[in-house]
Amino acid sequence: MTLAAVPDETAPATRRPRRNVVLPLVLFALLAVLPLAAASMSAGYLLDLFVRVMIFAIAALSVELLIGHAALVTFGQAAFVGIGAYAVGILDAHETNDLVVALPAALLASGLFAFATGLVCLRTKGVYFIMITLAFGQMAFFTASSLAPYGGDDGLTIHDRTTLFGFAVLDRPLAFYYVVLAVLIAVHLFCRALVASRFGRVLRGAKDNALRMTTLGFRVYRFQLAAYVIAGMIGGLAGFLLANATEFVSPAYMSWQRSGELIIMVLLGGLGTLHGAIVGAAAYLLLEEWLAGLTEHWKMIFGPLLVLVVVFVRGGLVGIGTALSAAVSRRLRRG
Amino acid sequence: MLTVENLEAGYGETPVLFDVGFRVAAGEVVTLLGRNGMGKTTTIRALMGLVRPTGGSVALDGVPVTGLPPYRIAQLGLGLVPEGRQVFPTLTVRENLVATAAARFGDRWTLDRVYDFFPRLAERRGHLGSQLSGGEQQMLAIGRALMTNPRLLILDEATEGLAPLIRAEIWRGLSRLKRDGQAILLVDKHLDAMTRLADRHVVLEKGHVVWTGTSAALAADQTVRQRWLQV
Amino acid sequence: QAPEKLKVGVIATLSGPPAVLGQQIRNGFQLAVKELGGKLGGREVEVLVQDDELKPDVAVGKVKALVERDKVDFVVGPVFSNILQAIVKPATEGGTILISPNAGTSNYAGRDCNPNLFVTSYQNDQMHEVSGKYAQDKGMKTAFIMAPNYQAGKDSLAGFKRWFKGDVVDEVYVPLNQLDYSAELSKIAAAKPSVVFVFLPGGMGVNFVKQYRQAGLAETIPVLSTFTVDESTLPAQQDAALGFFAGSNWAPNLDNPKNKAFVAAYEAAFGAVPATYAFQAYDTAMLIDSALKATKGDTKDKDALRAALKKADFVSLRGDFKFNTNNYPIQDFYLTKVAKRPDGKYQTEIVSKVFDDYADAYVGSCKMK
Amino acid sequence: MSTTLLVVQVLNGLQLGVLLFLIAAGLTLVFGVMDFINLAHGVQYMLGAYLAVMFYGLTGSFVAALVLALAAALAFGLLLEAVVFRHLYGRDHLDHVIATFGIILFLNSAVKYVWGAAPLSLPVPEALTGSVALAPGLLYPVWRLVIIGSGLVVAVLLWALVSFTRIGMLVRAGATNPEMVSALGVDIRRLFTLVFGFGAMLAGFAGIMIAPILSVEPGMGDTILILAFVVIVIGGIGSIRGAFVAALLIGLVDTLGRSFAVDILRLFLSSSTARTVGPALASMLIYLLMAVVLYVRPTGLFPAKGR
Amino acid sequence: MAEPILALKGLRKQFGGLVVTDSVDLSVAPGELHAVIGPNGAGKTTLINQISGVLPADSGTILFAGHDVTRLAPHERARRGLARTFQITSVLPTFSALENVAIAVQARAGSSFRLFGDAAAEPALNTPAMAALAEVGLAERADVPAGHLSHGEKRALELAMAIVTEPKLLLLDEPMAGTGREETARLITVLRRLKGRFAMMLVEHDMTAVFALADHISVLIYGRILLGGRPDEVREDPQVVAAYLGDEIEFER
Ligand SMILES: Nc1ncnc2c1ncn2[C@@H]1O[C@H](COP(=O)(O)OP(=O)(O)OP(=O)(O)O)[C@@H](O)[C@H]1O
Ligand SMILES: Nc1ncnc2c1ncn2[C@@H]1O[C@H](COP(=O)(O)OP(=O)(O)OP(=O)(O)O)[C@@H](O)[C@H]1O
Ligand SMILES: [Mg+2]
Ligand SMILES: [Mg+2]
């Protein structure tokens, strides 16, 4: 539905998702050398900040997988992050914090929750899907808030970060930083492969025209459920890292505002490109950090900035890059 | 009445029309012919303002309308039956007909007359647009355009999906309209019916006008029929 | 050569509906610094204010930034208990002193007490105990008690019941940020208790008080409360809150010269009557000032600094003030009542002293001496 | 639990429902009927309340404040439409989400900047203070009755507008295919502008009417927004009737849940467990309701047909 | 005669008070091209929707290749070899024409739960897809997003998607609607070539195509089968002429 003659450029003209290799490579290279550059400055702070950025990038990737490649706009993704975090927190409260237990627990818990709620949520579509995922997110939130033995609304302090076979590998900030980076890269590569695979193509097909896919013989529901569970587990993975980074878990990690922020990050970066989620998470958090340092009323700047990005740039921040490079190459072609 | 000159248009970066020019005089029936994908629909969209022309001009009674928004052009008397029906799915049949009805150029077409013309629509008046069969939707799209009482009626594949009986009915209806002085611009695939009905024909090939002429000339000119229309 | 500037990081909630509380903390602290000539303990001071956005993980990030990037000597904050839980570890781990000017949870008063954490407000339960004790002392027979359904809410009703031995006719937990209280008001009207006790902070309190008044209950059943009617909500509640009671460790009209001056100065500077948050932040600045005076401005020797803080060698706006072994205060508590001042503004005023030199109930389980 | 209390709580539930409908009305129009996801609905509601407080301060009259605030809300809605929304018609829903989210951030912060962070209040108009006795011992504040009345009026008005007027038809048609409406000679953009303005005014109206019973504070629209979405989703997007029924249903379920959850649970559980589970359940109840409704009817109670 | 590939018994569908298909009995023999004609709104599309499972039948049974599929979900019927096209064009608009057909190949191949490997580069999918595109005359348009194709081209694409699944029965809902004269002629050739490979049920208002292709014609009027027979029988039937064909049949070509 377009008024007047706006060419539909949102429909990518390529046969497969644009396989941009350069931008992700640059992103990861920058993240990899950051600690070296940071060494001279207040290293600990910068590392912490970027660990946070990368963790949210992982969570945003899970959202991007669903929204950008399966048209499942989930408004409850924070619940999975929270569940992953609580798995770490609750185990810690019982003095179990080795990776071999904590990580599978986080993945399993978030995966199971995704499976159970996905069965219900995927009956609906569009805005109904948005709202029903919100509903389950809120239920998770309220449940966590009333977990009195684990701090309820006040949250739960984690006494020791996750260990690997008893070795406290994550205690050194630099080590933790590189672990998070490695996870981010792994998740990105995984999502990339997934999207390009037969499975990913079915998801994208269902996004385009679910009825057609069904009559072609695909049981769309199953594919979407699988994607939902995968995304939920990636969310749980992010939660696992977040709990370790903040050494604290709280129901606030599951609030609907947080789910909303994840969506905004993905959209800000540019829907449909996986690295867009990373760019979006980084832009959102760094802008927030920077603007909040300037003025208490930083949202009066941040809000209009978002509006500008949507109104004038198609395809988010990554879209700016694409548009710029297209303009440059056109220039070059003309000579 | 309608003058199209050197019209150029396209989608995004892809040009589709390069040099399209033709006229429709008052009371005249003109067709656009050409194979699939040659730019017939694009021509219609461009002159309705639904695609912004990149060059050339469209004028109604000498008044240039190029670049005007679609609703202004429609208000000047163009009534469109679009390709693919595009009825309003969430409106009932009756609502589809009255929502955009207008009587700027006479009020020959009223709800009752449209119902008379398509009794099937009267039977289904309370149904939603999306609940109609393909053919019923097509009737609705035609009725909807008539309800704007246009000076120039534009039909883009208006008989698509209609049963032969109804199709024949439509052709008869169109000749009645013609007799009443209604100007019509027509895209369709039923060449014989069109030759009988229309005064002149415009043949499009890859966005260029390659032939124009009367029905008699078309019937006579074997090369055109073979080369551009594959008949 | 001038000594290096002292750095204090203030972390408080400055966005969203509770921003007004964070602002009071920031304002109170800055007012004190200004009165001290921009110095604490004789050292030039730089105050860095951060907004925790009421998100624990954001707060952790901000506190780490203060401690690791800005290398602050003190962190002052936050407003809310759940943020306190999140920031105690990152703030105090490296030896930085955290002073909470408002949140005072039970775990840090007892089991998890921490030599680098000082609380200048109260242990949360105490504020609720005031109402319970008062109701008990006055011989009220039946009470209807209500709080939001979260940890602090449960603590509050437990605190009330610790002293109130009458009949609790109903104990209601409402969803956080509930807007409409008709259902609860109908229950109250049906139960006809001798007294209602509520803990409904912020906007919830405003909504409740207005609706309670509109339902015509304010004339018949008295309301005891905590954080429901205070100077941060009174501008919105106005006449509707007149006559409501609250438990507190302070009130603007508390009769001592320093307090009078503080209230006047605060109103002059910020155009609003200060609430407990502001005065506690003010006291916090005074506490730091007193400690640095004792250490001659030195913040490196942490043991000396902690000892100096623990002495609390300053005149608190609330009068009697000293630290218990768990670094929580021992102080007096009052019942206050909402009144309209001659100048048309609203404030809480002291009705009676309910506790004298009152210590919290958790200190026993704190191992610190 | 006595029968009278039950009756009273049912009444309370219905009145909460009407209140919710009043809040959701503008959203139903702009989102449900026009198919534009306007997350800024909540802040427009907030702005209505603030404007009323401001104009009340200036004029001292509730009626004047109402009229002026409505006009200002309309003007602001038109401004927003011209500056932001206009560029987003026909775009993906997600573009609406991010742009209107930006507006939320801006307005919440701007309101704090202009009016301060402390909650404000708007008094009940003098003539409408006090309560009436609906039954012996059952007092009901007059202002509540006024809110209920205006909620019902808005419901009828909106329903009639959307279902029976030509404007309503055109808006519904434009929601699915604006290009075609335009090609048939209707300036759909201007119409959308008007509808947006009207939607903004409805949001503002809800804010003004509810301000006397609630606290006027920054961010007051955020929770409301989610509630309003829950209402129109349960009702079935695009259906005014559905939104109305859903609002009443939510009001009832929420109120009765809050009132009786603990008592009911006590029938099956120990008293202390009931005390902990009950309230937690009560807070989740509307979400539970939404999940159940959508499970059984994936497009709401009264699904819009033909989409 | 061999067992029919499709047998409908007493199929019925009602929308509110409107009975759209009413005790329809019909059978399609293997390899047969069975045309269903009838006035607009007679229930032809509804019939196809019921057979393909898009709409549940109110009553009656659908036997497909000897099995009762009346209660099966659409995707299960598709898996058993029931393919269809849509009257109102239904393709995947952001996928290229080639990808549209390739995913149809993938549907037939199964194994779509492969999470790794670049699907767009698989010859096993692309080669048959390309062949099908060539067959319907869209080879040159392989890389164009389906959303950017002209109306007639989309119709051809629909057909390519259907035939590439190599079904046992193909349901065609007005494949010629909206295609030009030349394309109609080509589609007729394509369908004629496919005849015998699998059975087809053709709903079409283009009588040239129907009479050129059909082995058997059923006439559906107001939800009921009026009559069925060989094309020449149907063409001469006065009832059919009166209700459907009209007096001046356009046999233009
Ligand atoms: N939305 C679009 N975006 C990009 N290209 C388009 C779009 N619509 C049409 N085209 C291209 O423009 C050309 C002309 O299309 P047009 O629809 O005008 O053809 P037509 O003559 O009406 O054909 P048909 O008989 O099939 O309807 C085609 O090559 C088509 O691929
Ligand atoms: N969802 C629905 N609700 C109500 N009525 C419907 C619905 N779908 C179809 N109908 C009605 O059922 C009748 C049969 O529709 P169907 O689409 O099967 O006709 P058809 O034979 O395919 O016609 P055409 O040749 O015009 O495509 C029509 O009159 C239509 O209005
Ligand atoms: Mg065309
Ligand atoms: Mg049909």
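Labels below follow one simple rule: chain letters A, B, ... track the order of the sequence lines, proteins then strands, and each chain is numbered from 1.
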At a heavy-atom separation under 4.5 Å, does Ile67(A) approach chain D through its side chain, its backbone, both, or neither?
side chain
Quick one: what part of Ile98(D) sits under 4.5 Å from any heavy atom of chain A, side chain, backbone, both or neither?
both
Which portion of Val73(A) sits near chain D, non-hydrogen atoms under 4.5 angstrom:
side chain
Between atom CG of Asn108(D) and atom CE of Met300(A), what is the distance when rounded to the nearest 0.5 Å?
11.5 Å
Under a 4.5 Å cutoff for heavy-atom pairs, which residue among Ala280(D), Ala183(D), Gly236(D), Ser283(D) has the most contacts with chain A?
Ser283(D)
Okay, Asp222(D) and chain A: the region with an atom under 4.5 Å from a heavy atom over there is both
List the steps and the verdict of side-chain contact (heavy atoms from CB on, under 4.5 Å) for His87(D) and Val310(A).
CA-CA 9 Å; His87(D) 308 285; Val310(A) 187; over 6 Å; no
Does the side-chain contact (heavy atoms from CB on, under 4.5 Å) test come out yes or no for Val127(A) and Ile237(D), once each step is laid out?
CA-CA 9 Å; Val127(A) 176; Ile237(D) 296 163; 3.7 Å; yes
Does Tyr128(A) use its side chain to pair, donor to acceptor, with the backbone of Thr299(D) at less than 3.5 Å?
yes
Taking side chain as C-beta onward, heavy atoms only, is Met131(A) less than 4.5 Å from Met290(D)?
yes
Which region of Leu271(A), side chain (C-beta onward) or backbone (N, CA, C, O), has a non-hydrogen atom less than 4.5 Å from a non-hydrogen atom of chain D, or is it both or neither?
side chain
Output yes when a side-chain donor or acceptor of Arg123(A) lies under 3.5 Å from a complementary backbone atom of Pro298(D), and no otherwise.
no
Salt bridge (charged side-chain N to carboxylate O under 4.0 Å, His left out) filter on Lys299(A), not counting sequence neighbours, yields none
As an exercise, state the distance from CZ of Phe101(D) to CG of Leu268(A), rounded to the nearest 0.5 Å.
10.5 Å
So how far is it from Met284(D) CE to Ser146(A) OG, rounded to the nearest 0.5 Å?
5.5 Å
Given that the side chain runs from C-beta out, which part of Leu288(D) has a heavy atom under 4.5 Å from chain A: side chain, backbone, both or neither?
both
Where on Thr143(A) is there a heavy atom nearer than 4.5 Å to chain D: the side chain, the backbone, both, or neither?
both
Picking from Ile226(D), Val230(D), Ile103(D), Val293(D), which has the most non-hydrogen pairs under 4.5 angstrom with chain A?
Ile226(D)
At what distance, to the nearest 0.5 angstrom, does CG of Leu39(D) lie from CD1 of Ile264(A)?
7.5 Å
Would you indicate whether Ile167(D), at its atom CD1, is surrounded by more than 12 heavy atoms from other residues, nucleotides or ligands within a distance under 6.0 Å?
no
Partner chain D: residue of Trp256(A), Trp298(A), Phe136(A) with the largest heavy-atom pair count (under 4.5 Å)
Trp256(A)
Kindly assign one of parallel, tilted or perpendicular to the pair Tyr113(D) and His297(A), based on the angle between their ring planes and the thresholds 30° and 60°.
perpendicular
Can you tell me how far OH of Tyr295(D) sits from CD1 of Ile132(A), rounded to the nearest 0.5 angstrom?
10.0 Å
If you count heavy-atom pairs under 4.5 Å with chain D, which of Leu134(A), Leu267(A), Val309(A) comes out on top?
Leu267(A)
Check each atom of Val111(D) against the heavy atoms of chain A and say whether the ones under 4.5 Å are side chain, backbone, both or neither.
neither
Run Tyr287(D) and Phe142(A) through side-chain contact (heavy atoms from CB on, under 4.5 Å) and show every step you take.
CA-CA 10 Å; Tyr287(D) 296 104; Phe142(A) 286 122; 3.9 Å; yes
Which region of Phe141(A), side chain (C-beta onward) or backbone (N, CA, C, O), has a non-hydrogen atom less than 4.5 Å from a non-hydrogen atom of chain D, or is it both or neither?
neither
Is the number of heavy atoms from other residues, nucleotides or ligands within 6.0 Å of OH (Tyr221(A)) greater than 12?
yes
